[in-house]
Amino acid sequence: MVVSALLLVSGVASGPLGWGFGGDRAVGGCADPVELTVLLPVDGAAGLQEAIAEFNARPGAGDCRTANVTAYDATWGPVEQALRQGWRPDEERDEERDGEPLVPLRDVGPRPHLWITESRTYVDLASDALRESPVGNDVLGPSVPIGKTPLVLAVPGGILNKGFNGASQIAEASLPELLDELDAEYRVSVLRSDPSMSHTGLLFLRAMYGEGPASEGTVARLERKLANWGASLGIALASDDTGLLCGLSRAQDPSPNAAVLTTEAALARYNSGKPMGGECPVETKKRSDLLPVYGEAFGSLDYQAVRFDWSDGGDRWAQRRAEVADDLVAWLAGGGGSYPAGAGVRSVDYDGEPLADEVEFVKRFAFETEPISVREYGDLREDYGTTRAPADVLLSIDRSRTMHDDAAGAPTRFELATEGVATALEYLGPEDRAGLWTFPADGPDSHAELFGIGGDGGDATGLLQAAGVQIGVDLHDMIIDGIDALEAARPDERLSAMVVLTDGDDPDPSATTVAEVHERLADSKVVVYVIAVGDASCRSEFFNALKGEQPGVTCFDAEPEEITITFDNLFDRLWSGNG
């Protein structure tokens with residue numbers, strides 16, 4: 001199973017809706033604008049959406065709008081699954097495919113006509129996925145480069161002034177040597193995005209492991225150190241750089257005392273104080289003092305644009321849509337708009353122009369944009385699955401009455417959650433441990449323990465089915481109790497996470513406040529993931545208060561039919577067994 005993000009669709013229309021009526025001509029003598037759907041990567045989506053909105057607003061001949069461009073972003077995992085299915089509408093899906101956990105339109109978005117991706121690696125992976133699909137890979141056109149950005153180690157400016165890396169922004173030392181220097185000499189923690197989900201994180205993994213086979217002891221030491229750094233700051237492992245920098249901005253001052261493994265483009269947006277985009281509306285008025293340290297072995301992203309042709313010769317708009325897509329690609333490559341330099345991305349023929357108003361970047365730093373092969377991509381992911389730090393994960397499932405409401409014979413929320421737990425436990429690695437609770441409980445306890453952390457979870461489904469139904473939730477008390485249990489179970493440094501699934505329909509009768517939960521989290525290395533199902537929403541007052549500004553609390557919305565895939569995605573991310 002591929003690893004995919006949980007917030008599967010987070011895009012916006014980058015222009016007004018079409019104002020034609022389906023014919024060749026609309027009111028006013030203007031031809032109907034071409035409808036073009038663009039798929040973006042999560043990282044960098046904010047800058048791309050701004051550029052697309054700029055393109056979309058341009059008048060054509062006679063002040064007629066030539067195109068309606070709609071852009072949305074999604075992570076690679078669900079995109080790959082959608083491609084393997086041919087990204088077909090529901091009505092075209094074969095009966096034997098009804099059991100597939102992902103529905104492309106619902107879980108990712110509409111079929112894209114144009115795709116902007118972070119690397120040619122993903123173009124090759126997309127071709128492989130489509131080759132196995134019902135539509136074949138002929139629907140994928142050739143890729144066109146539109147920009148590039150080097151990977152950097154962003155460090156607090158004061159650290160450079162104190163002599164880190166010889167006070168130079170160009171590193172000759174290896175990445176492991178730089179990480180050790182930050183730790184030993186300056187006591188600075190380093191954060192990164194999840195290599196199992198983020199291409200940036202995966203490339204840094206290659207830089208950390210080196211070109212030759214690194215010793216298992218060295219790799220394990222670095223992985224545990226990185227895991228401990230994130231836990232010590234209370235920042236959940238982020239699936240992308242946007243989430244990583246968003247968590248950092250919420251956890252610390254805009255000028256943090258932590259270092260970040262990221263890209264020059266992401267750092268440019270963070271340093272400028274602009275909204276990060278996606279699920280992170282953070283906008284700071286104070287500029288960050290993080291400075292990039294560059295290394296030839298770090299790697300880079302090479303943004304590519306590629307067209308899809310799903311028409312099979314039967315779409316009369318195909319030619320005009322292709323022309324508009326080509327115009328947009330030229331625009332994004334620097335053909336008149338502010339992109340790419342305005343978003344912190346270097347153009348293909350970059351020659352030192354300003355990058356998002358940043359004046360302390362090394363604009364003359366030269367780097368190669370060589371994508372990793374599909375084989376190396378798979379090898380790195382497999383290596384990470386065996387070397388990442390082990391995890392303790394405590395699952396706590398809402399067993400309240402409303403979780404058992406039966407909608408016209410459909411599986412209840414609790415039945416779907418039980419299936420999700422069974423899926424999650426399949427990802428348990430040899431060094432990982434799990435515990436399982438339900439809540440609320442009969443009596444004064446906040447929960448019922450089905451098995452403790454590291455206990456026998458062989459019959460998790462039976463244990464859940466036998467658990468009693470209660471009224472109320474005791475959510476705040478239960479989370480605090482869960483943090484206590486995870487901390488008591490850690491004989492050494494491990495990732496510790498609590499996963500809570502609830503519909504939020506029942507009131508919390510306890511006197512424990514959300515402020516007390518936040519206070520307990522502030523003193524802990526445990527991170528909390530809340531999956532809100534049914535009518536519950538992470539945007540509701542209840543869950544929004546629980547999230548607050550806590551980087552250690554992440555909330556995911558999941559419709560009942562999405563519970564299993566949400567569990568699947570989250571635990572593929574948390575546990576190392578099948579990484």
Side-chain angles (χ1 to χ4, degrees), residues 11 14 36 38-56 69 71-76 79 112 114-124 126 141-152 154 193 198-200 202-203 240-242 245 262-272 274 276-278 292 294 296 298-307 325-358 361-372:
S14 49
L36 185 75
V38 185
L39 172 62
L40 308 175
V42 172
D43 285 328
L48 283 162
Q49 285 171 337
E50 290 168 1
I52 291 171
E54 190 180 345
F55 172 86
N56 205 38
V69 185
Y72 71 96
D73 59 82
T75 53
W76 167 245
V79 168
L114 180 67
W115 178 33
I116 310 298
T117 184
E118 298 167 295
S119 173
R120 280 171 285 173
T121 302
Y122 287 122
V123 179
D124 294 338
S143 63
V144 178
I146 61 170
K148 56 187 179 180
T149 187
L151 274 59
V152 299
S193 52
S198 159
H199 198 61
T200 299
L202 195 71
L203 291 177
D240 49 71
D241 280 19
T242 298
L245 291 168
T262 186
T263 66
E264 184 183 65
L267 181 62
R269 193 163 191 92
Y270 180 80
N271 280 359
S272 69
K274 294 180 179 179
M276 295 300 297
Y294 301 80
E296 290 185 5
F298 291 177
S300 63
L301 300 184
D302 59 314
Y303 296 100
Q304 302 285 313
V306 59
R307 279 199 281 114
D326 289 343
D327 287 345
L328 176 56
V329 170
W331 176 269
L332 293 176
S338 60
Y339 198 87
V345 176
R346 303 184 184 215
S347 63
V348 175
D349 55 354
Y350 180 77
D351 193 29
E353 58 264 28
L355 292 169
D357 300 324
E358 283 295 339
F361 286 4
V362 183
K363 301 178 183 65
R364 295 295 178 180
F365 175 72
F367 59 95
E368 299 293 330
T369 55
E370 291 296 331
I372 60 176

Enquirer: What is the distance from atom OH of Tyr339 to atom CD of Glu54, rounded to the nearest 0.5 Å?
Expert: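 Separation between the atoms: 12.5 Å.
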Enquirer: How long is the straight-line distance from CG of Leu48 back to CG of Asp73, given to the nearest 0.5 Å?
Expert: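 Answer for the CG-CG pair, Asp73 versus Leu48, is 9.5 Å.
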Enquirer: List the steps and the verdict of side chain to side chain donor-acceptor pair (under 3.5 Å) for Asp43 and Thr242.
Expert: CA-CA 6 Å; Asp43 285 328; Thr242 298; 3.0 Å; yes
Enquirer: For Asp241 and Thr262, indicate whether the former's side chain and the latter's backbone hold a donor-acceptor pair under 3.5 Å.
Expert: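 Flag not set: sc Asp241 to bb Thr262 has no pair under 3.5 Å.
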Enquirer: Report the residue from Trp76, Tyr303, Tyr122 that forms a ring-ring contact (aromatic ring centres under 6.0 Å, His included) with His199.
Expert: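 Of Trp76, Tyr303, Tyr122, ring-ring contact (aromatic ring centres under 6.0 Å, His included) with His199 is met by Tyr122 alone.
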Enquirer: Check step by step if side-chain contact (heavy atoms from CB on, under 4.5 Å) holds for Ser347 and Glu353.
Expert: CA-CA 9 Å; Ser347 63; Glu353 58 264 28; 3.6 Å; yes
Enquirer: Looking at every non-hydrogen atom in both residues, tell me the closest pair between Gly344 and Ala356 and how far apart they are.
Expert: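 Shortest heavy-atom contact: N-CB, 3.8 Å.
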Enquirer: Looking only at atom types and distance, does a side-chain atom of Tyr294 sit under 3.5 Å from a main-chain N or O of Phe365, one as donor and one as acceptor?
Expert: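 Checked: no pair found.
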Enquirer: Measure the CZ-CD distance between Phe367 and Glu264 for me, rounded to the nearest 0.5 Å.
Expert: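 One finds 7.0 Å between CZ of Phe367 and CD of Glu264.
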Enquirer: Using a strict threshold of under 4.0 Å (side-chain N to carboxylate O), is an ion pair present between Arg364 and Asp351?
Expert: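 Result for this pair is yes, salt bridge flagged.
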Enquirer: Taking all non-hydrogen atoms of both residues into account, name the closest pair between Leu203 and Ser300 and its distance.
Expert: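 Between these two residues, the closest heavy atoms are CD1-O, 3.4 Å.
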Enquirer: Nearest heavy-atom pair of Ala71 and Leu40: which atoms, and what distance?
Expert: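 Smallest heavy-atom distance, with atoms named: CB-CD1, 3.9 Å.
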Enquirer: Looking at Ala343 and Gly47, what are the two nearest heavy atoms and their distance?
Expert: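 Heavy atoms of Ala343 and Gly47 come nearest at CB-CA, 4.1 Å.
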Enquirer: If only atom types and distance count, is the side chain of Trp115 paired as donor or acceptor with the main-chain N or O of Val123 below 3.5 Å?
Expert: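 Absent.
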Enquirer: If you take all heavy atoms of Pro41 and Glu118, which pair is closest and at what distance?
Expert: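 Here Pro41 and Glu118 meet closest at CB-CG, 3.7 Å.
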Enquirer: Mind listing the closest non-hydrogen atom pair of Ser143 and Val306 along with its distance?
Expert: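 In terms of heavy atoms, the two residues are closest at CA-CB, 4.2 Å.
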Enquirer: In this structure, which one of Lys148, Arg346, Arg120 forms a salt bridge (charged side-chain N to carboxylate O under 4.0 Å, His left out) with Asp302?
Expert: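 Only one option passes, and that is Arg120.
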Enquirer: Can you tell me how far the CD1 atom of Ile52 sits from the CG atom of Leu332, to the nearest 0.5 Å?
Expert: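 With rounding to 0.5 Å, CD1 (Ile52) is 5.5 Å from CG (Leu332).
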Enquirer: Compare all side-chain heavy atoms of Ile372 with those of Leu202 and state whether any distance is below 4.5 angstrom.
Expert: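 With C-beta onward as the side chain, the pair touches.
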Enquirer: What's the separation between atom CH2 in Trp331 and atom CD1 in Ile146, rounded to the nearest 0.5 Å?
Expert: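 If I round to the nearest 0.5 Å, the distance is 13.5 Å.
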Enquirer: Given Val329 and Arg307, is the side-chain contact (heavy atoms from CB on, under 4.5 Å) satisfied, shown in steps?
Expert: CA-CA 10 Å; Val329 170; Arg307 279 199 281 114; 5.8 Å; no
Enquirer: Go through Thr149 and Leu355 one step at a time and tell me if the side-chain contact (heavy atoms from CB on, under 4.5 Å) criterion holds.
Expert: CA-CA 11 Å; Thr149 187; Leu355 292 169; over 6 Å; no
Enquirer: To the nearest 0.5 Å, what is the distance between CG (Leu151) and OG1 (Thr200)?
Expert: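 That separation rounds to 5.0 Å.
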Enquirer: Is a donor on one side and an acceptor on the other found under 3.5 Å between the side chain of Lys363 and the backbone of Glu358?
Expert: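 Here the side-chain-to-backbone pair exists.
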